Amino acid sequence: MVHVRPSLIELQSYVPGRKVPGAIVLASNESPYGLLPGVASRLAELTGGLSRYPDMGAVRLLEALAARHGVAPGHIAVGAGSSEVCGQLLHTVSSAGTEAVFGWRSFEAYPILTTVAGGAAIHVPLRDHHQDLDAMAAAVTDRTRLVFVCNPNNPTSTAVGETPLRAFVDRLPEHVLVVVDEAYHEYADPSEVPDALALFGDRPNVVVLRTFSKAYALAGLRVGYCVGAPEIIAQVRKTQTPFSVSALAQEAAIAALQENEEVVRRAGLTVKERERVTHELRSLGYELPDSQANFLWLPLGQDSTAFTDHCLDNGVILRAFPGEGVRVTIGLPEENAAFLTAAAAWKTDAQ
Ligand code: PMP
């Protein structure tokens, strides 16, 4: 029998959102609008070159991202989705006996990737659906190497404001890498949710994580990146699986960056729908926190699985976190309407 790492045997696998043919999918926080126009045409041009390896250094993508963020390319590392970059960051700092701290519940890959990188995952309970920054700071010890702040938080949709985030980062020892995961940044209200790049661009121990999977509508092509000090970025780059960002993914990301106006327009549509669906749900008697992301959190506790099954019976796939809540991605208006009809029927049935 092969000797497998004991920590892996205990580990729960990542559970992806369900896909059922013909059903409306509001379970994976994807963009409902399809590829950005310039991306579709660029991808069609590229297929002839796919027998070759991609540019391992992703030079043109790094240049485009550097121009976007007003930094030198040496401040940026890319990966196959920000999931891979999360893993890279953990591999950069973890070893046996080290810990990574994060609020819980949060992005489900954090504990998995921490364990795979050989560290121990420290789950700090949320308070009222928010990351409890005081408790997270208190959980930092000599063993801590990395802290994730998921802003806004998946799956609870809440965000940390500028003043508490700055105070939190100021409190942490400088040897701890703070990763501000901004996967849903484009959907957040800039007057309430800070841009961590603007806030911490000069800190050697803060990196900001972004993805092309959400507002840039490229979840299927797998591109994400982090921005931070060149000293740490140089080490993060060493942990990337060689050639993990395909040529299609690199070119699609470059084309998507040129479509900023459309990205902003679509994010605006999603935010408008988010506010409408939130309002309707509250009118139906549901309690839910204000969302800063492209999804809502319904803290239904023990009813979470039954509610999700009920919605599936009505043709809408959601994401249940059994015993805790249900995450509902904001889709197209007609998809959201189908969800609201199912949510209304649930309340009627319960009377
Ligand atoms: N961070 C957060 C908070 C997420 O919710 C997700 C995706 N669900 C990711 C990172 C990873 O996304 P991707 O790997 O597609 O970039």
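Ligands are counted one by one from 1 in listed order, and the atoms in each one are counted from 1 as well. For the single chain, residues carry numbers from 1 onward in sequence order. Keep in mind that this is a model prediction, so the values were computed, not measured.
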Trainee: I'd like to know if E259 and R266 make a salt bridge, using a cut-off of under 4.0 Å between side-chain N and carboxylate O.
Mentor: no
Trainee: Does a salt bridge link R60 with E63, judged by any charged N lying under 4.0 Å from a carboxylate O?
Mentor: no
Trainee: Is there a side chain to side chain donor-acceptor pair (under 3.5 Å) between T158 and N153? Walk through the geometry before answering.
Mentor: CA-CA 6 Å; T158 58; N153 188 45; 5.0 Å; no
Trainee: Consider ligand 1: state whether an atom of it lies below 4.0 angstrom from any non-hydrogen atom of S82.
Mentor: yes
Trainee: By number and element, which atoms of ligand 1 are closer than 4.0 Å to a non-hydrogen atom of C150?
Mentor: 3 (C)
Trainee: Tell me whether Y110 has any N or O atom under 3.5 angstrom from an N or O of ligand 1.
Mentor: no
Trainee: Step by step, work out the side chain to side chain donor-acceptor pair (under 3.5 Å) result for N29 and R319.
Mentor: CA-CA 10 Å; N29 295 350; R319 181 65 170 273; over 6 Å; no
Trainee: Starting from atom 15 (O) of ligand 1, what is the nearest protein heavy atom, named by residue and atom, and what distance separates them?
Mentor: S213 OG, 2.6 Å
Trainee: Which of the numbered atoms in ligand 1 are below 4.0 angstrom from a heavy atom of T211?
Mentor: 13 (P), 16 (O)
Trainee: With respect to S83, determine whether any N or O atom, backbone or side chain, lies less than 3.5 Å from an N or O atom of ligand 1.
Mentor: yes
Trainee: Among all protein heavy atoms, pick the one closest to atom 7 (C) of ligand 1 and tell me residue, atom and distance.
Mentor: K214 NZ, 3.2 Å
Trainee: Give a yes or no answer on whether the side chain of H310 reaches the backbone of A342 with a donor-acceptor pair at less than 3.5 Å.
Mentor: yes
Trainee: Which protein heavy atom lies closest to atom 1 (N) of ligand 1, and at what distance to 0.1 Å?
Mentor: D181 OD2, 2.6 Å
Trainee: Where is the tightest heavy-atom contact between C86 and D181, given as atom of each residue plus distance?
Mentor: SG-OD2, 4.5 Å
Trainee: Using modelled atom types and a 3.5 Å cut-off, is there a donor and acceptor pairing between side-chain atoms of R145 and backbone atoms of D142?
Mentor: yes
Trainee: Considering only heavy atoms, does Y184 approach ligand 1 within less than 4.0 Å through its side chain, its backbone, both, or neither?
Mentor: side chain
Trainee: Of the backbone atoms (N, CA, C, O) and the side-chain heavy atoms from C-beta on, which set of E84 has a member under 4.0 Å from an atom of ligand 1: side chain, backbone, both, or neither?
Mentor: neither
Trainee: Under a 4.0 angstrom heavy-atom cut-off, which atoms of ligand 1 come close to R222?
Mentor: 13 (P), 14 (O), 15 (O)
Trainee: If we only count N/O pairs under 3.5 Å, is N29 in contact with ligand 1?
Mentor: no
Trainee: Classify the ring geometry between F212 and Y225 as parallel (under 30°), tilted (30 to 60°) or perpendicular (over 60°).
Mentor: tilted
Trainee: Has the side chain of S28 got a donor or acceptor atom that lies under 3.5 Å from a matching backbone atom of E30?
Mentor: no
Trainee: Relative to the heavy atoms of G81, which atoms of ligand 1 are at a distance of less than 4.0 Å?
Mentor: 14 (O), 16 (O)
